> 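Below you will find the structure I want to go over with you.
Residue numbers begin at 1 in each chain, while the letters A, B, ... track the order of the sequences. What you are looking at is a predicted structure, and each value in this text was computed from that prediction instead of being measured.
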Amino acid sequence: MKSAIKTVAAVGALAGSLAFSGMAHAADTIKVGVLHSLSGTMAISETALKDVMLFLIDEQNKKGGLLGKKIEPVVVDPASDWPLFAEKARELIEKEKVDVVFGNWTSVSRKSVLPVFEELNGMLFYPVQYEGEESSRNIFYTGAAPNQQAIPAVEYLMSEEGGSVERWVLAGTDYVYPRTTNKILESFLKAKGVPAEDIMINYTPFGHSDWQTIVSDIKGFASAGKKTAVVSTVNGDANVPFYKELGNQGIKAEDIPVVAFSVGEEELAGIDTGPLVGHLGAWNYFMSVDSPENEAMIKKWHAFIGDDKRVFNDPMEAHYIGFTMWAQAVEQAGTTNIDAVRQAMYGQTAPNLTGGIAEMNTNHHLSKPVLIGEIQDDGQFATVWETDGVVVGDAWSDFLPESAKLTADWTYPWVCGNCEKPKHLTN
Amino acid sequence: MSVTNNADASRMRTVFFSILFVLLSLLAFSFPAHAQQNDAALNAALSDLNARSFKAKTAAVQALGVYGDARAVAALEALSEGRLYGRKSDKSVVIAERDGKIYRLTDPATGVSAGEATSRELKKIIANNKLRGLIRGVLGQLALSSSDSELRRAAVENVISSPTGGSLALLKSARDRETEDDIRARLETGIATLELGSDDPALRRAAVDRLADGNDPEIKSLLERRLLKNADGSFVESDAQVRAEVQEAVSRINDRLALFGLAEDLIFGISLGSVLLLAAIGLAVTFGVMGVINMAHGEMIMLGAYTTFVVQEVFRVTMPAEAFGFYLLAAIPAAFLVAATFGILIERGCIRFLYGRPLETLLATWGVSLILQQMVRSLFGANNREVANPDWISGAISIGGGVSVTVSRVYIVIFCLVVVAALAAFIRYSRFGLQMRAVTQNRGMASAMGIRTGQVDALTFALGSGIAGVAGVALSQISNVSPNLGQNFIVDSFMVVVFGGVGSLWGTIVGAFGLGIVNKFLEPVSGAILGKVVVLVIIILFIQKRPRGLFALKGRAAEG
Amino acid sequence: MPFAGGFNVSMSEPVPLNKPAQSILYLEGVSVSFDGFKALNSLNLIIRRGEMRAIIGPNGAGKTTMMDIVTGKTRPDTGRVLFGEDTNLTHLDEAEIANLGIGRKFQKPTVFESLTVFENLYLALKSGRRIRETLFARMRGEQQARIESYLETIRLTERRDDLGGDLSHGQKQWLEIGMLLAQEPELMLLDEPVAGMSDAETEQTAILLEEISRDHSLVVVEHDMEFVRDLDCVVSVLHEGSVIAEGSMDVVQADPRVIEVYLGR
Amino acid sequence: MGPISRRLFALESRSGWIAIAILLVIGLFIVPALNLMVPEGSLFHISTFWVATLGKYLCFAILALALDLIWGYAGILSLGHGAFFGLGGYAMGMYMMRQIGDRSVYGNPDLPDFMVFLNWDSLPWYWWGFDQFWFAALMVVLVPGLLAFVFGWLAFRSRITGVYFSIISQAMVFAIMLAFFRNETGFGGNNGLTDFKDILGFNLSQDSTKVGLYVVTTIALLLVYMICRAVVSSKLGRLLIAVRDAESRVRFLGYSVTNAKLFVFTLSAVLAGVAGALYVPQVGIINPGEFTPAKSIEMAIWVAVGGRGTLFGAIVGAFTINGARTYLTGVAPEVWLFFLGALFILVTLVMPQGLVGVYRSIRSGELKDAIRRRIQRVDV
């Protein structure tokens with residue numbers, strides 16, 4: 001009987017120590033939560049974003065921090081486990097009392113933390129290109145919406161310069177981002193007069209590794225005599241075997257160009273790009289862009305990370321822009337209070353590393369330039385086309401009937417993430 | 001409507017430029033001496049390559065094609081391969097070869113050295129796909145008259161795949177000159193594809209005759225388009241007689257293609273099977289022979305793949321460029337040793353305490369796998385590592401009918417069979433193999449006969465791990481090299497071994513190829529995802545019928 | 001109906017048999033092979049109700065396989081196996097056969113090592129075998145008394161609350177026999193009940209078996225010739241999957257074929 | 001009292017009952033009170049984070065109990081229990097999805113957002129009825145139970161045991177994962193079901209709802225514990241241990257091993273389904289990630305760490321591992337897998353009976369003997 005009581009006491013003490021371990025924190029710092037997977041399947045992409053956050057915070061602290069306080073990063077590992085994302089988000093906001101969180105990569109992880117951020121009124125900066133169809137009051141989307149990536153890329157390929165493509169393969173991993181993007185593209189292409197038989201849609205599971213059949217199907221589809229391109233929304237791990245198969249089966253970019261929305265410099269670093277020269281990527285940022293801001297940033301990044309082979313990519317730039325805007329908004333608001341900072345975020349501008357100025361819109365999406373690049377043999381993209389100015393990110397796509405009628409605007413009179421009419425029109 | 005108009009207009013423009021270009025290039029062939037003298041035009045075209053707009057670059061490429069001399073060819077090749085740069089200081093165009101940190105420059109107009117420069121002083125001249133396609137066609141047309149038959153062969157393909165308005169005349173004259181039979185045959189086919197659009201029905205009929213023997217899906221769709229109707233309701237192919245022949249040709253090609261399709265599924269299935277077999281073969285030793293459920297098996301494959309990466313980097317630094325391609329051969333023993341060493345460590349440090357408790361080895365080795373993953377992540381970083389395909393295993397072999405087999409996969413099939421054969425021979429004929437079998441069958445008796453069972457266990461596990469490492473070398477050629485590499489294979493590996501029959505090497509082989517082929521025949525019908533689900537369900541149901549797998553030992557001995 | 005269960009009948013040439021009325025176990029023309037090896041070759045065997053029968057034979061003669069067939073562990077390729085009057089066993093599984101009243105002791109003593117001696121017997125006790133019945137089973141005083149008496153019989157009363165795994169080898173054998181008793185079978189098959197026992201234990205076991213044989217039919221497979229002699233019952237000699245001799249120990253030992261089989265060439 | 005019945009009572013000793021009572025008081029009264037009544041900022045306040053996290057652990061504890069029942073007692077190691085947990089979760093998720101009604105993003109009261117988005121024009125038949133809580137609750141136990149019954153019937157009838165069973169159960173969960181990843185399957189694909197608003201009319205984002213769910217889960221854990229206790233202390237419990245120790249002996253005693261295993265496996269799946277159903281409203285999302293084989297393997301590790309074959313051990317294991325994960329992913333995000341991996345190895349090597357086993361040997365002084373015996377065994 002004593003033993004049982006002892007057990008209970010021990011368990012209690014353990015729980016207690018766990019509970020108290022997070023409680024002691026200094027109030028004279030501004031805390032920034034970093035919610036990126038450092039283990040599990042998504043560590044491949046997200047680890048670099050954790051590094052870039054530490055880098056940006058370090059830079060800001062060198063400049064004297066914010067509001068006279070040092071910024072303290074709070075790094076946690078949600079381990080590519082979606083419910084753990086929600087737990088860690090709650091821990092960051094409620095226990096660590098962070099002032100803002102930068103994090104997430106996959107849509108499902110964002111969906112998992114979204115109710116937590118809304119419930120606790122936190123602030124999340126989400127840096128990855130995504131499917132859109134969302135605008136939360138508590139999330140700022142600094143990655144590309146489909147209209148900032150997919151549509152310009154397809155327009156480019158349809159143009160004479162891009163090869164006058166008439167036949168399209170939409171290949172993607174079976175999850176919501178490719179599904180949405182492909183739906184948007186499908187209706188866009190049909191609106192442009194592409195007949196249904198010239199569009200092939202194919203979905204593969206996550207981490208698909210055997211691409212022989214699909215690449216062969218693509219070859220077959222492309223043999224119809226019309227110029228064919230592949231729009232790839234293949235995700236993560238599956239890309240390397242996909243591109244290796246493309247290269248090995250001798251599909252050259254001149255014949256069947258592949259434009260990808262999820263393959264950036266970081267992903268290419270793991271592939272021998274020799275056989276891939278000419279395949280395309282559409283992003284808001286390329287590391288190869290020749291601009292003074294970019295050069296300075298890469299230099300500082302290499303110095304910070306201590307490795308001049310490390311790449312800088314689009315989601316990293318998105319974090320850079322997001323962090324810069326947040327820091328400015330905090331300075332303007334004079335506080336880290338979420339509501340005040342949110343108000344200060346609207347209309348906030350920050351220079352893109354590729355030139356031009358990014359602006360935070362009231363739908364919580366950025367205006368950014370769109371760049372199309374061809375893969376080079378050194379693993380970089382060479383920009384072959386870019387938009388004249390910036391493109392406003394659309395939370396709700398105009399090409400989907402259900403979403404076309406929705407508006408996201410978090411300022412008066414709308415104050416709404418998905419409304420058909422303003423909430424405060426009658427007031 | 002406006003969309004089609006635009007497209008039409010652009011097509012018209014293309015045709016116009018092409019005709020112009022061919023006229024110019026014909027001119028160039030007829031008066032090469034004149035062209036070479038005109039260096040000013042060459043220089044102008046070269047400097048136009050450095051223009052900002054792709055339109056100007058296109059014109060410059062075409063102008064260089066007109067030149068057709070060695071200097072123009074060198075410049076075009078350099079542009080297409082990304083070796084053409086603009087020097088920032090004087091805006092001149094140079095060909096640059098990277099040599100360590102600096103670039104050695106050549107002036108394309110003179111072919112002489114133009115000194116050296118650092119990457120900061122240069123700006124790469126970007127070619128896009130369209131430009132590269134154009135260059136390919138231009139160089140192809142120039143190379144059609146090359147004396148090197150290999151060059152001609154490639155050139156014919158290039159001209160056929162990037163045809164322009166003047167290609168027909170070029171191909172015909174090339175055919176008349178051609179001495180090699182196979183190249184001439186290819187030229188004939190190319191001519192036929194172009195003559196299919198001729199105004200003369202007789203020519204068209206001849207072309208259809210010629211093409212009906214082929215089995216190329218591109219030709220098939222070319223023929224099929226002759227059967228369509230125009231917007232005004234008339235047939236594209238106006239002659240009914242020819243139309244019937246086209247119909248006949250299409251159906252003949254279709255019959256052949258169906259066979260090729262089957263062959264393709266079979267080939268893909270064998271290839272997938274060899275990958276499964278490679279992934280599973282090490283497990284067949286550790287699980288099949290020793291009864292150890294090694295959840296860190298996938299990590300052994302991963303270690304092999306990372307060893308390949310390290311060996312590659314060592315070769316890159318220490319070896320001459322010609323030898324670089326052979327890093328893979330060096331990686332095989334290295335991967336074996338690394339994985340085997342880890343295997344011994346795991347066996348001695350962990351598994352040996354757990355013999356007879358298979359389910360607990362499962363949990364402990366799961367812990368090992370987590371540690372190994374994190375170790376690799378900490379050492380090499382979380383992202384993928386690049387492992388290059390050496391030239392000798394790149395590319396594809398076309399076997400007709402639009403079916404091609406990639407060379408790397410052929411090597412993997414061969415490699416996999418060699419590994420299995422070596423393993424089987426080792427187990428069967430070597431002294432250690434004998435001891436291994438003895439310990440597996442009767443530990444006590446083997447021990448009584450003076451076999452050091454502990455040592456045999458450790459070495460058997462090392463063998464299984466080492467083979468997994470070797471598999472990692474092969475898999476690095478077609479898959480990610482990342483800390484998650486092993487996780488992608490572990491479930492499949494277990495399925496193969498259990499399906500084939502634990503303890504039976506033969507069963508593992510048949511199981512792997514069987515599952516690979518079934519999967520590939522299902523995939524076109526059900527899609528990749530459902531295909532895999534179906535395969536798993538088949539395995540589950542199959543195990544009900546034969547709980548010990550395909551090739552299980554029968555009788556009392558197996559029921560222990 | 002002629003009675004063909006006679007002693008001393010050589011079975012080397014399988015004669016079509018007619019099942020005797022009082023037989024408890026009747027095997028006719030039973031053959032089974034594993035991977036080409038014929039473990040049983042058209043085996044004929046008849047055990048009468050209430051009889052104790054010893055079966056001997058060299059290694060690989062098919063003794064254990066015969067038991068596997070009877071208890072449903074192995075299906076015969078051909079042949080008939082009847083229990084009692086006319087219950088065909090070849091289509092039943094182990095549990096069904098056990099519930100018909102055939103108990104079996106393994107060659108290697110098999111008891112439940114993580115359960116106490118008492119619990120081992122409790123599980124074996126003849127009572128509801130359905131899952132629902134076991135879930136809601138309550139022990140009755142009468143059941144407990146029976147277990148106590150079995151404990152007495154197998155001389156393990158002292159160790160009733162020890163775990164099965166903690167018993168000595170001989171005690172495990174006894175416990176297993178006790179479990180068979182608790183099953184209250186009509187027919188008991190014992191595979192080498194004295195293997196690995198000390199002389200004293202062996203003697204005691206012989207006495208135990210004699211006690212048991214008073215109200216059970218018993219088939220004992222054994223290597224220990226002295227022990228078999230002690231049992232003082234009909235002996236069948238198995239060789240290469242068939243019975244080559246049958247009769248009292250003395251008769252069997254005099255049979256030239258048996259001598260040849262045992263002594264070899 | 002006879003020896004058996006004495007043993008029945010001894011299984012749940014007086015100290016055991018007291019421990020349960022103390023934990024129950026803490027779980028049911030102290031934690032909610034400290035969360036709801038003590039003001040934030042007080043030293044004694046328990047944040048909602050901890051209520052939610054503890055609630056999650058409680059679900060895992062139920063799951064661990066379910067797994068312990070089959071592995072620890074009947075010796076069936078299922079590496080596919082994530083399937084039952086996930087299916088139970090999906091059943092509950094579907095109910096909550098239907099409760100969203102026209103508050104969804106696209107405002108379609110008849111279809112969940114992802115169906116609107118995929119252009120589905122009507123609700124597929126397998127979604128019918130899920131707008132009723134009782135129906136969903138029924139499905140929470142029925143679907144996992146049925147799957148377990150069919151799968152178990154196939155497997156146990158063919159006498160697939162040990163490692164083979166583990167591996168094909170892994171194949172099962174893997175197949176389910178792939179199927180649920182497909183968007184066409186109709187369960188929201190990779191994103192799964194999310195964006196829940198309320199359960200039985202209670203707003204999910206309110207602290208009181210969270211505490212309520214937590215309390216319900218605590219009670220559920222107690223009930224599941226009692227059910228498991230009742231099973232393992234019945235004659236069936238002995239039978240299961242007997243099956244674990246010597247399966248064929250049980251057959252020759254006349255019991256149907258298939259039925260015994262099938263019963264306990266199905267029961268275990270049902271309990272796992274209940275755990276999943278309680279889990280989903282507390283974490284706010286259910287997606288195919290729950291079906292990854294790695295998660296199912298980890299469940300087995302909770303049980304092993306806590307102590308197989310002791311019901312209390314399963315609970316301890318679930319709390320220990322998940323507590324460690326919560327703690328380490330925050331404190332040592334870059335290297336925590338080393339700790340976790342090392343823990344798994346250590347437990348299997350030196351604590352074959354898990355934490356509860358260690359605790360027992362320390363108490364009984366057996367630890368020293370055990371270590372000595374272990375060293376000797378290694379020498380052989």
> Side chain from CB out, backbone as N, CA, C, O: work out which of these in B:N480 comes under 4.5 Å of a heavy atom of chain A, or both, or neither.
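Both parts, backbone and side chain.
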> I'd like to verify something: which residue of A:A269, A:G220, A:S209, A:G163 has the highest number of heavy-atom pairs under 4.5 Å with chain B?
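Going by pairs under 4.5 Å, I would pick A:A269.
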> Would you mind checking which part of B:N128 comes under 4.5 Å of any heavy atom in chain A, side chain (CB onward), backbone (N, CA, C, O), both or neither?
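Both backbone and side chain.
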> If we define contacts as heavy-atom pairs under 4.5 Å, which of A:N239, A:T204, A:I271, A:T383 has the most with chain B?
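Greatest number of close heavy-atom pairs with chain B: A:I271.
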> What verdict does the salt bridge (Lys or Arg N to Asp or Glu O under 4.0 Å) test give for A:E245 and B:R409, after you've listed the backbone C-alpha separation in whole Å, the side-chain angles of each residue and the deciding distance to 0.1 Å?
CA-CA 10 Å; A:E245 192 67 39; B:R409 287 186 181 268; 3.0 Å; yes
> Below 4.5 Å, heavy-atom pairs only: which of A:D377, A:D378, A:V240, A:D217 has the largest tally toward chain B?
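Top option by heavy-atom pairs under 4.5 Å: A:V240.
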> Any chance the side chains of B:S404 and A:K219 put a donor and an acceptor closer than 3.5 Å?
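A:K219 and B:S404 do have a side-chain donor-acceptor pair below 3.5 Å.
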> Chain A heavy atoms under 4.5 Å from B:Q374: which part of the residue, side chain, backbone, both or neither?
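The side chain, not the backbone.
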> I'd like to know which of A:T47, A:D174, A:D255 tops the heavy-atom pair count under 4.5 Å against chain B.
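Most pairs with chain B among the choices: A:D255.
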> Using heavy-atom distances under 4.5 Å, tell me whether B:R98 contacts chain A through its side chain, its backbone, both, or neither.
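Neither part; nothing is under 4.5 Å.
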> State whether the number of non-hydrogen atoms from other residues, nucleotides or ligands found under 6.0 Å of A:D307 atom CG is greater than 12.
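Correct, the count exceeds 12.
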> May I ask you to name which of A:G207, A:P257, A:S216 has the most heavy-atom pairs under 4.5 Å with chain B?
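It is A:S216.
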> Side-chain donor-acceptor pair under 3.5 Å between A:E266 and B:N383, yes or no?
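Side-chain D/A pair, A:E266 to B:N383: present.
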> Can you say whether A:L38 sits under 4.5 Å from chain B via the side chain, the backbone, both, or neither, judging by heavy atoms?
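For A:L38, backbone heavy atoms alone lie under 4.5 Å from chain B.
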> Please classify the contact of B:Q487 with chain A as side chain, backbone, both or neither, using a heavy-atom distance under 4.5 Å.
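For B:Q487, neither part sits under 4.5 Å from chain A.
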> Report the option among A:N202, A:T213, A:V384 that has the most heavy-atom pairs separated by less than 4.5 Å from atoms of chain B.
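Of the candidates given, the most pairs with chain B belong to A:T213.
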> At a 4.5 Å cut-off on heavy atoms, which part of B:K220 comes close to chain A: side chain, backbone, both, or neither?
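No part of it gets close to chain A.
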> Assess whether atom NZ of B:K124 is packed by more than 12 heavy atoms of other residues, nucleotides or ligands within 6.0 Å.
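More than 12 heavy atoms, drawn from other residues, nucleotides or ligands, come within 6.0 Å of this atom.
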> Relative to chain A, which segment of B:I529 carries a heavy atom at a distance below 4.5 Å: side chain, backbone, both, or neither?
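Contact with chain A is through both the backbone and side chain of B:I529.
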> By a 4.5 Å heavy-atom criterion (distance strictly below it), what part of B:S378 contacts chain A: side chain, backbone, both, or neither?
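For B:S378, there is no contact with chain A at all, as no heavy atom is under 4.5 Å.
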> Nearest 0.5 Å, please: how far is CD in A:E160 from OG1 in B:T58?
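The distance works out to 8.0 Å.
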> Provide the closest heavy-atom pair for A:E374 versus B:N129 in the form atom of the first, atom of the second, distance.
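Closest approach of A:E374 to B:N129: OE2-N, 2.7 Å.
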> If you look at every heavy atom in B:I126 and A:A382, which pair is closest and at what distance?
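Heavy atoms only, the tightest pair is CD1-CB, 3.2 Å.
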> Considering only heavy atoms, which portion of A:Q380 lies under 4.5 Å from any heavy atom of chain B: side chain, backbone, both, or neither?
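Interface part for A:Q380: neither.
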> With only heavy atoms counted, which part of B:R377 is less than 4.5 Å from chain A, the side chain, the backbone, both or neither?
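Contact with chain A: side chain only.
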> For the residue pair A:Q212 / B:K520, report whether a side-chain donor-acceptor contact shorter than 3.5 Å exists.
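No, no side-chain donor-acceptor pair sits under 3.5 Å.
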> Measure B:D265 against the heavy atoms of chain A and call it side chain, backbone, both or neither at under 4.5 Å.
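Neither part, no heavy atoms under 4.5 Å.
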> May I ask you to list the residues in residues 39-46 of chain A that approach chain B closer than 4.5 angstrom, counting heavy atoms only, ordered by number?
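Against chain B, the residues of residues 39-46 of chain A that fall inside the cut-off (heavy atoms, under 4.5 Å) are A:S39, A:G40, A:T41, A:A43, A:I44.
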> Between B:F268 and chain A, with a heavy-atom cut-off of 4.5 Å, which part of the residue counts as in contact: side chain, backbone, both or neither?
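Both parts, backbone and side chain.
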> Measuring from B:L134:CG to A:E254:CD, what's the distance to the nearest 0.5 Å?
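Nearest 0.5 Å value for the CG-CD distance: 11.0 Å.
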> Shortest non-hydrogen contact from B:R225 to A:A224?
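Scanning both residues, the minimum pair turns out to be NH2-O, 3.0 Å.
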> Would you name the heavy atoms of B:S394 and A:N248 that are closest together and state the gap between them?
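Smallest heavy-atom distance, with atoms named: CA-OD1, 4.2 Å.
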> Would you mind checking which part of A:D290 comes under 4.5 Å of any heavy atom in chain B, side chain (CB onward), backbone (N, CA, C, O), both or neither?
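The side chain, not the backbone.
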> When only pairs under 4.5 Å are counted, which of B:K123, B:Q477, B:E81 shares the most heavy-atom pairs with chain A?
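Heavy-atom pairs under 4.5 Å are most numerous for B:Q477.
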> Calculate, to the nearest 0.5 Å, the distance between atoms CG and CD belonging to B:L131 and A:E161 respectively.
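Going from the CG atom of B:L131 to the CD atom of A:E161 covers 9.5 Å.
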> As an exercise: rank B:S398, B:P483, B:A388, B:G381 by heavy-atom pairs under 4.5 Å with chain A and give me the winner.
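Max contact count across the listed options: B:A388.
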